[in-house]
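See below for the structure under consideration.
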Amino acid sequence: AYPRCAWLGGSAMGKSARANHQADDLNRSTRSSLTTSRNLSLGISALLGGLLLLSGGLLLMGVIQPMERVSRWLAQIATGDISQQAYQSRYQSTEISQLIQNVDGMQQGLRHIVGEINAISGAVRGSADRMAQQNDEFSAHNQQQSSAFEHISQRLNRVAEEVGHSVTFTHHATQQV
């Protein structure tokens, strides 16, 4: 569709058309290669995004949530509540499971120590109650002895008065004779 130019020669048009055709083929090939590369990159990005979401979910279920539960459990133990048990999930990591087992062992040891302390304090309380009862009995017995001594003292004072009166009477009687 191009007019032939005599000064260019008849073959120049054919070379130009071939060069254009080769350039079009190169453009199509490059565009196809870029499109394939783009699609492959998008596919890999989508796969990596999915793996990232999956690993984030596994991290959340296997590490973060169990650590939060262990943290709440340790806070309860720190305030003296050793009655709670830890919740173990099958999705948690091996390290978290080991941590929970170790804390559970510590909690069982604390329960044992608290049980021994309660038994000892019960025995001390029983001994203190018996000592208080014996002290009350001793006080009552001491009070009775004090009352008896007071009564004896009053009688001895009366006897001394009577003896004093008798001595005075005897002394008067002796003077009159």
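Residues Leu58 and Leu60 fall into different hydrophobic clusters, defined by Ile, Leu, Val, Met, Phe, Trp and Tyr side chains chained together at heavy-atom separations under 4.5 Å. Val159 and Val167 fall within the same hydrophobic cluster, defined by Ile, Leu, Val, Met, Phe, Trp and Tyr side-chain heavy atoms under 4.5 Å apart, directly or through other members. Linking Ile, Leu, Val, Met, Phe, Trp and Tyr residues whenever their side-chain heavy atoms come within less than 4.5 Å places Val70 and Ile82 in a single cluster. Cluster annotation: Ile77 and Ile113 are assigned to distinct hydrophobic clusters (Ile/Leu/Val/Met/Phe/Trp/Tyr, side-chain heavy-atom contacts under 4.5 Å, transitive).
A donor-acceptor pair shorter than 3.5 Å can be found between the side chains of His112 and Glu116. Counted by atom type alone, Asp129 and Gln133 present zero donor-acceptor pairs between their side chains at under 3.5 Å.
Contact check for Arg69 versus Arg72: side-chain heavy atoms found under the 4.5 Å cut-off.
Here the CG atom belonging to Leu26 is positioned 11.0 Å from the CZ atom belonging to Arg31, to the nearest 0.5 angstrom. Rounded to the nearest 0.5 angstrom, Glu95 CD and Met67 CE are separated by 11.0 Å. Remark: Ile44 CD1 to Leu51 CG distance equals 11.5 Å, nearest 0.5 Å. One finds the CG atom of Leu40 at 12.5 Å from the OG1 atom of Thr35 (value rounded to the nearest 0.5 Å). Between the OG atom in Ser93 and the CD1 atom in Ile64 there is a gap of 11.0 Å [rounded to 0.5 Å]. Atom CD1 of Ile96 sits about 11.0 Å away from atom CD of Gln98, to the nearest 0.5 Å.
What you find for Arg111 and Gln85 is that their closest heavy atoms are NH2-NE2, 3.0 Å. Trp73 and Val103 get closest at one heavy-atom pair: CZ3-CG1, 3.4 Å. In plain terms, the two heavy atoms of Gln107 and Asp81 that are nearest each other are NE2-O, 4.5 Å. Counting all heavy atoms, side chain and backbone alike, Leu52 lies closest to Ser55 at O-OG, 3.0 Å.
Heavy atoms of other residues, nucleotides or ligands lying less than 6.0 angstrom from CZ of Arg28 number more than 12. Enclosure of atom CD in Gln154 by more than 12 non-hydrogen atoms of other residues, nucleotides or ligands within 6.0 angstrom is indicated.
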For this session: Go through the steps for Gln175 and His171 under the test side-chain hydrogen bond (donor to acceptor under 3.5 Å, both in side chains), then give the verdict.
Result: CA-CA 6 Å; Gln175 282 180 355; His171 183 45; 3.2 Å; yes
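Remark: the backbone N or O of Ala123 is paired with a side-chain donor or acceptor of Ser127 at under 3.5 angstrom. Side-chain atoms of Ser153 do not come within 3.5 Å of backbone N or O of Phe149 as any donor-acceptor pair. Judged purely by atom type and a 3.5 angstrom limit, Ser29 has no side-chain atom pairing as donor or acceptor with the backbone of Asp25.
Remark: Arg130 pairs with no residue by the salt bridge (charged side-chain N to carboxylate O under 4.0 Å, His left out) rule, at least two apart or across chains.
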